[in-house]
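Report on one structure; see the data block that follows.
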Amino acid sequence: MRGHRIADVAEQSGLSSATVDRVLHGRPGASPRAVRAVEQAVAELDRQATALRLGARAFVLDVVMQAPDRFSGAVREAVESQLTVLRPAAVRARFHLRESGTVDDVAATLEGIGRRGRTSHGVLLKAPDDPRVAAAIDDLAGRGIPTVTLMTDVHRSRRVAYAGPDHDSAGRTAAHVVHRWGATEHGTMLVTMSRSSFVGERTRVEAFVEQLAADAPGLVVRRVTDADGLDASTRAVVAAELEQVTGPVGVYSVGGANRAIIAALRAKGVTPFAHVGHDLDADNLALLRAGEIDLVLHHDLREDARSAIRAVLQHHGLAPGAPLSMASGVQVVTRHNIPARLAPR
């Protein structure tokens with residue numbers, strides 16, 4: 001167990017100390033789910049132990065996300081990179097990540113955090129904009145556990161702040177680039193979303209459509225959505241949509257899965273006149289370097305994570321100021337200006 005206390009593993013996993021003890025010592029009575037939870041908790045503590053002194057009780061954040069692994073992995077890395085940047089608290093994070101699921105699944109995760117009470121000092125949340133999620137956020141607030149929405153907001157909730165990109169700016173920037181880059185007066189723009197219930201993605205698309213109508217009224221927008229940003233489902237819905245399309249095709253990939261989108265285009269014999277993606281995750285970096293996509297609209301996940309953690313600390317009076325929503329700027333990245341931190345060594 002690399003020196004981790006049973007109490008730390010229990011707090012990280014959300015299990016009882018007795019259950020953790022059974023798992024760690026190979027005693028009967030622990031379910032496979034408990035074993036996986038302990039293994040994940042120990043792995044998280046291992047990663048974070050180099051940056052934290054766990055002799056004292058840590059300030060614990062729960063990170064709850066519904067997103068493809070390629071993106072949630074990038075967010076995990078960003079959050080863990082900021083755990084010791086903000087003082088005076090020693091901050092530890094535990095992660096509740098799922099690639100897909102129902103709104104009720106997300107609400108149940110938040111309710112579980114609330115039931116554990118004081119083991120959580122705050123929640124960083126990427127989830128659909130839904131009344132059931134808002135109600136779970138409100139319940140956490142009533143228990144003294146603040147929520148900061150991350151990357152996408154949840155309206156009509158008692159979240160204390162939003163940290164993430166300026167989605168309206170991102171959508172308008174995408175429209176401007178497509179208009180200038182594509183240099184075509186007529187054609188079809190495929191706009192792919194992971195879920196229409198994510199308010200951030202909706203805002204991007206609404207801004208994109210409005211700006212494109214002003215800049216390039218001859219381009220027709222066709223939306224493809226609710227494939228969760230996963231490769232297999234995204235390829236299927238894009239392939240189905242391409243059966244209805246003729247003429248030049250461009251892509252604005254709001255929800256990711258660009259490898260799948262490219263595969264569907266190639267199967268149809270289509271070369272897009274412009275392909276714009278979001279976020280410099282590992283897939284998009286590789287595609288950008290290879291010239292498979294034209295550009296990526298990038299926002300600094302580390303900046304977003306830092307803003308989110310600081311908002312939770314401010315809520316508890318451990319950092320100066322009051323929690324405020326912070327929208328990070330959007331950078332246009334081609335293969336020629338990849339940020340140095342992400343460039344190959």
Side-chain angles (χ1 to χ4, degrees), residues 14 61-68 71-72 75 79 94-168 170-171 191-210 223-230 233 237 254-256 278 304-305 307-309 311-312 314-315 322-328:
L61 294 176
D62 284 284
V63 183
V64 180
M65 292 188 64
Q66 181 178 316
F71 183 69
S72 59
V75 173
V79 169
R94 55 192 177 194
F95 296 87
H96 314 263
L97 310 176
R98 63 172 67 243
E99 284 203 297
S100 61
T102 66
V103 169
D104 288 334
D105 292 332
V106 177
T109 299
L110 297 177
E111 290 161 5
I113 293 168
R115 285 195 300 271
R116 291 198 294 272
R118 294 186 179 276
T119 67
S120 180
H121 298 90
V123 174
L124 310 187
L125 174 67
K126 179 185 182 294
D129 180 28
D130 185 277
R132 287 164 290 180
V133 176
I137 292 172
D138 293 352
D139 180 70
L140 288 172
R143 297 172 183 266
I145 303 173
T147 298
V148 177
T149 49
L150 193 61
M151 314 305 165
T152 185
D153 210 353
V154 178
H155 290 157
R156 296 173 295 280
S157 71
R158 291 174 61 189
R159 57 85 167 148
V160 299
Y162 161 75
D166 181 334
H167 295 289
D168 184 87
V191 177
T192 63
M193 306 168 66
S194 66
R195 279 279 152 191
S196 55
S197 55
F198 287 118
V199 69
E201 292 193 18
R202 287 205 311 271
T203 301
R204 288 181 195 175
V205 172
E206 289 164 2
F208 176 83
V209 170
E210 182 178 302
R223 307 185 197 199
V224 179
T225 188
D226 295 343
D228 288 320
L230 302 178
S233 51
V237 295
V254 174
H278 269 278
D304 296 334
S307 296
I309 296 169
V312 174
Q314 288 172 325
H315 174 85
L324 295 173
S325 295
M326 299 291 290
S328 53

- Message: Quick check: do Phe95 and Val79 have side-chain heavy atoms less than 4.5 Å from each other?
- Response: yes
- Residue pairs passing the side chain to side chain donor-acceptor pair (under 3.5 Å) test where at least one lies in residues 137-149, sequence neighbours excluded: Asp139-Arg143, Thr149-Asp153
- Query: Do Arg116 and Asp62 have side-chain heavy atoms sitting under 4.5 Å apart?
  - Reply: yes
- Minimum heavy-atom distance between Val154 and Pro128, given as atom pair plus value: CG2-O, 3.8 Å
- Task: Of all the heavy-atom pairs spanning Gly122 and Val312, show the shortest one and how long it is.
- Result: CA-CG1, 4.0 Å
- Only counting residues at least two apart or in another chain, list the ones meeting salt bridge (charged side-chain N to carboxylate O under 4.0 Å, His left out) with Asp304. none
- Do you know the tightest heavy-atom contact between Arg159 and Ile137? N-CG2, 3.6 Å
- Using salt bridge (charged side-chain N to carboxylate O under 4.0 Å, His left out) as the criterion, list what pairs up with Arg132, not counting sequence neighbours. Asp104, Asp130
- Please identify each residue that fulfils salt bridge (charged side-chain N to carboxylate O under 4.0 Å, His left out) with Glu210, with sequence neighbours left out. Arg172
- Query: Asp105 versus Arg98: any side-chain heavy-atom pair under 4.5 Å?
  - Reply: yes
- Query: CG of Asp166 to OG of Ser328: how many Å apart, nearest 0.5 Å?
  - Reply: 8.0 Å
- Query: If only atom types and distance count, is the side chain of Ser325 paired as donor or acceptor with the main-chain N or O of Ala161 below 3.5 Å?
  - Reply: no
- Kindly determine whether Lys126 and Val75 satisfy side chain to side chain contact (heavy atoms under 4.5 Å, CB included), including the steps that lead there. CA-CA 10 Å; Lys126 179 185 182 294; Val75 173; over 6 Å; no
- Any idea which heavy atoms bring Gly114 and Ile145 closest together, and the distance? CA-CD1, 4.3 Å
- Item | Short side-chain to backbone donor-acceptor contact, His167 and Met151, under 3.5 Å | yes
- Task: Could you tell me whether the side chain of Arg204 reaches within less than 4.5 Å of the side chain of Pro165, counting heavy atoms only?
- Result: yes
- salt bridge (charged side-chain N to carboxylate O under 4.0 Å, His left out) against Arg202, all qualifying residues, sequence neighbours excluded: Asp129
- Query: For Ala308, what residues pass the side chain to side chain contact (heavy atoms under 4.5 Å, CB included) criterion, not counting sequence neighbours?
  - Reply: Leu124, Val148, Leu150, Ala163
- Locate the shortest heavy-atom distance separating Pro146 from His315; write the atom from each residue and the value. CG-CD2, 3.4 Å
- Task: Find out whether Leu125 and Val106 are in side-chain contact, i.e. whether some heavy atom of one side chain is under 4.5 Å from a heavy atom of the other.
- Result: yes
- Item | Side chain to side chain, Met193 and Val205, heavy atoms closer than 4.5 Å | yes
- Query: Does the Ser233 side chain pair with the main chain of Ala227, one donor and one acceptor, at a distance under 3.5 Å?
  - Reply: yes
- Task: Please name the pair of heavy atoms, one in Ala322 and one in Gln314, separated by the smallest distance, quoted to 0.1 Å.
- Result: O-OE1, 3.3 Å
- Any chance you could measure Arg195, atom CZ, to Asp228, atom CG, to the nearest 0.5 Å? 4.0 Å
- Flag for Thr152-Glu201: side-chain donor and acceptor within less than 3.5 Å: no
